[in-house]
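Input: a single structure, listed below in structure tokens.
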Amino acid sequence: MRLYSACIDMLFVPETADMAQRIHLAKAAGMDAVEFWLWSNKDLNAVEDALGATGLALAGIVAEPFAELTRTSDHNRFLDGLAQSLAVAQRLGTRVMIAQAGPLLEGVSRASQHDALVEAMARSADVLKGSGVQLALEPLNTLVDHAGYFLHSTAEGLDIVEAVNRPEIALLYDLYHSMVMGEVPQDVLAGRVERIAHIHVADHPGRNQPGTGELPLAPTLDWLAANSYAGYVGLEFRPTGETAAALDETRVELGR
């Protein structure tokens with residue numbers, strides 16, 4: 001059985017601007033968990049109350065602030081914020097925070113920026129040590145949504161995670177971003193699925209719900225499950241209509 005997490009920064013947006021109400025709508029739609037991006041723009045008391053009232057888990061949040069982790073001079077600012085994000089994660093009960101790499105810097109070798117990311121993740125592991133919370137580094141596509149982003153390769157993301165080799169550091173694997181970049185998941189993840197802390201799905205083109213595009217999402221999720229991925233399937237897409245209907249379509253397409 002798949003465990004589904006609704007990204008409430010993209011889902012239930014047409015229905016309500018109230019983030020706590022979106023949690024209740026996710027419960028009514030049969031979700032197992034919710035997740036969101038920034039915590040600093042949320043009413044955390046209301047979110048905490050809604051999680052408690054619905055019994056939904058919080059599958060993940062973004063580790064703030066967004067930083068240029070490809071630039072070593074920005075690491076301290078990120079690490080200061082990471083400690084605050086960790087406190088929020090522990091308060092709300094999530095075990096995954098998401099980190100983005102930052103931009104591809106002009107005039108700096110790619111190897112140097114790769115090394116800076118390894119350093120940032122290693123220092124982050126020290127902040128998170130003993131907390132039970134993982135920081136998941138996220139590759140993004142640069143062809144459609146995130147031009148100029150450094151980390152567009154799943155293989156390189158996994159190389160960074162393995163170079164750090166700490167249980168606190170893992171990968172966020174987004175099937176949409178990966179396949180938009182032309183990657184074959186079974187190839188880029190072979191032998192390394194255990195490094196994944198969380199996954200996201202959306203279809204392409206359009207970044208809408210599964211079944212609206214061309215990506216082989218269901219067989220890829222089956223392969224991930226067969227290779228020991230047992231975490232949440234994060235639904236991070238733009239519904240083409242009413243969110244609850246899009247979620248019903250998703251469960252038909254991907255399986256319950």
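Quantities reported herein were computed from a predicted structural model and do not represent experimental measurements. Atom set for the values below is all heavy atoms of this structure, side chains included, hydrogens, waters and symmetry mates excluded.
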Report task. Determine, stepwise, if the pair His204 / Glu214 fulfils side chain to side chain contact (heavy atoms under 4.5 Å, CB included). Result -> CA-CA 6 Å; His204 177 71; Glu214 304 169 352; 5.6 Å; no

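- When all heavy atoms are compared, the tightest approach of Leu105 to Gln113 is N-OE1, 2.8 Å.
- Heavy-atom minimum distance, Ala99 versus Phe78: CB-CZ, 4.3 Å.
- Defined by atom type and a distance below 3.5 Å, a donor-acceptor pair is present between the side-chain atoms of Ser5 and Glu35.
- Hydrophobic clustering (ILVMFWY, side-chain heavy atoms < 4.5 Å, transitive): Leu79 and Leu117 are in one cluster.
- Side-chain contact between Gln84 and Trp39 is present, with heavy atoms from C-beta onward closer than 4.5 Å.
- Between the Thr70 side chain and the Pro103 main chain, a donor and an acceptor come within less than 3.5 Å of each other.
- Between Met179 and Pro185, the closest side-chain pair of non-hydrogen atoms falls below 4.5 Å.
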Query raised in the report: Going through the distances and angles, do Leu51 and Val47 end up as a side chain to side chain contact (heavy atoms under 4.5 Å, CB included)?
Result: CA-CA 6 Å; Leu51 292 172; Val47 167; 4.0 Å; yes

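- Within the cation-pi definition used here (under 6.0 Å to the ring centroid, within 45° of the axis), Arg110 qualifies as a partner of Phe150.
- In this structure, Met181 CE and Thr154 OG1 are separated by 9.0 Å, a value rounded to the nearest 0.5 Å.
- Between Ile61 and Val88 the shortest heavy-atom distance is CD1-CG1, 4.2 Å.
- Considering only heavy atoms from C-beta on, Met97 stays 4.5 Å or farther from Val62 through its side chain.
- Between the side chain of Glu15 and the backbone N or O of Glu242 there is no donor-acceptor pair closer than 3.5 Å.
- Residues Leu135 and Val133 share a hydrophobic cluster, clusters being chains of Ile/Leu/Val/Met/Phe/Trp/Tyr side chains in contact below 4.5 Å.
- Side-chain atoms of His198 and Gln134 form no donor-acceptor pair, as typed in the model, at a separation below 3.5 Å.
- Side-chain contact, Gln90 with Ser131: no donor N or O sits under 3.5 Å from an acceptor N or O.
- Annotation: side-chain hydrogen bond (donor to acceptor under 3.5 Å, both in side chains) contacts of Arg123 (sequence neighbours excluded): Asn76.
- Both Leu56 and Ile8 are part of a single hydrophobic cluster, where members link through side-chain heavy atoms under 4.5 Å apart.
- Nearest heavy-atom pair, Phe237 versus Met10, reported as atom, atom and distance to 0.1 Å: O-CB, 3.4 Å.
- Salt bridge annotation for Glu48-Arg91: present, with a cationic side-chain nitrogen under 4.0 angstrom from a carboxylate oxygen.
- Ala170 and Val161 get closest at one heavy-atom pair: O-CG2, 3.4 Å.
- The two residues Asp248 and Arg251 have their closest heavy-atom pair at OD1-NH2, 2.8 Å.
- Residues passing the side-chain hydrogen bond (donor to acceptor under 3.5 Å, both in side chains) test with Glu168, sequence neighbours excluded: Arg166.
- In summary, Arg2 and Asp222 engage in a salt bridge, as defined by a charged side-chain N under 4.0 Å from a carboxylate O.
- Leu38 has its side chain within reach of Phe66: a pair of non-hydrogen atoms, C-beta onward, lies under 4.5 Å apart.
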Query raised in the report: Would Val193 and Ser228 satisfy side chain to side chain contact (heavy atoms under 4.5 Å, CB included), going step by step from the backbone distance to the final call?
Result: CA-CA 7 Å; Val193 172; Ser228 301; 5.5 Å; no

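- Less than 6.0 angstrom separates the ring centroid of His146 from the ring centroid of His177.
- Here the straight-line distance linking atom OG1 of Thr243 with atom CG of Leu25 works out to 8.0 Å at 0.5 Å rounding.
- Separating the CG atom in Leu172 from the CZ atom in Arg195 is a distance of 15.5 Å, to the nearest 0.5 Å.
- Between the side chains of Ser178 and Tyr173, at least one donor N or O lies within less than 3.5 Å of an accepting N or O.
- Note that CG of Leu171 and CG of Leu137 are 6.5 Å apart. Values are rounded to the nearest 0.5 Å.
- Among Val180, Leu215, Leu221, Val233, the single residue meeting the side-chain contact (heavy atoms from CB on, under 4.5 Å) criterion with Leu175 is Leu221.
- Contact of the Glu236 side chain with the Val201 side chain is not registered, since no non-hydrogen atoms from C-beta on lie closer than 4.5 Å.
- Residues Asp43 and Met19 have side chains not in contact (no heavy-atom distance under 4.5 Å, counting atoms from C-beta outward).
- The main-chain N or O of Leu69 is found under 3.5 Å from a side-chain atom of His75 such that the two form a donor-acceptor pair.
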**Report entry** Verdict with reasoning, Asp9 to Lys42, per salt bridge (charged side-chain N to carboxylate O under 4.0 Å, His left out)
**Finding:** CA-CA 11 Å; Asp9 277 306; Lys42 307 290 189 296; 3.6 Å; yes

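- Donor-acceptor pairing under 3.5 Å is lacking for the side chains of Thr250 and Gln209.
- One N or O on the side chain of Ser85 and one on the backbone of Gly81 form a donor-acceptor pair closer than 3.5 Å.
- Annotation: side-chain hydrogen bond (donor to acceptor under 3.5 Å, both in side chains) contacts of Gln186 (sequence neighbours excluded): none.
- We find that Asp203 and Arg238 are not joined by a salt bridge, their nearest charged nitrogen and carboxylate oxygen being 4.0 Å or further apart.
- Looking at Thr94, its side chain does come within 3.5 Å of a backbone N or O of Leu58 through a donor-acceptor pair.
- One finds no salt bridge joining Glu64 and Arg77 here, because no Lys/Arg side-chain nitrogen approaches an Asp/Glu carboxylate oxygen to under 4.0 Å.
- Rounded to the nearest 0.5 Å, atoms CG (Leu86) and OG (Ser124) are 11.0 Å apart.
- Asp32 has no carboxylate O lying under 4.0 Å from a charged side-chain N of Lys27, or vice versa, which leaves the two without a salt bridge.
- For the side-chain contact (heavy atoms from CB on, under 4.5 Å) criterion with Tyr176, the lone passing option out of Leu217, Leu140, Val144 is Val144.
- In the hydrophobic clustering of ILVMFWY residues, with side-chain heavy atoms under 4.5 Å counting as a link, Trp37 and Leu11 come out apart.
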Query - side chain to side chain contact (heavy atoms under 4.5 Å, CB included) assessment of Val34 paired with Arg22 - result: CA-CA 9 Å; Val34 295; Arg22 290 181 195 173; over 6 Å; no

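- Here the side chains of Ser73 and Glu68 are not in contact, with every heavy-atom distance at 4.5 Å or above.
- Of the possible donor and acceptor atoms, one in the side chain of Tyr229 sits under 3.5 Å from a partner among the backbone N and O of Tyr232.
- A continuous path of Ile, Leu, Val, Met, Phe, Trp and Tyr side chains, each step under 4.5 Å between heavy atoms, connects Leu151 with Val188, placing both in one hydrophobic cluster.
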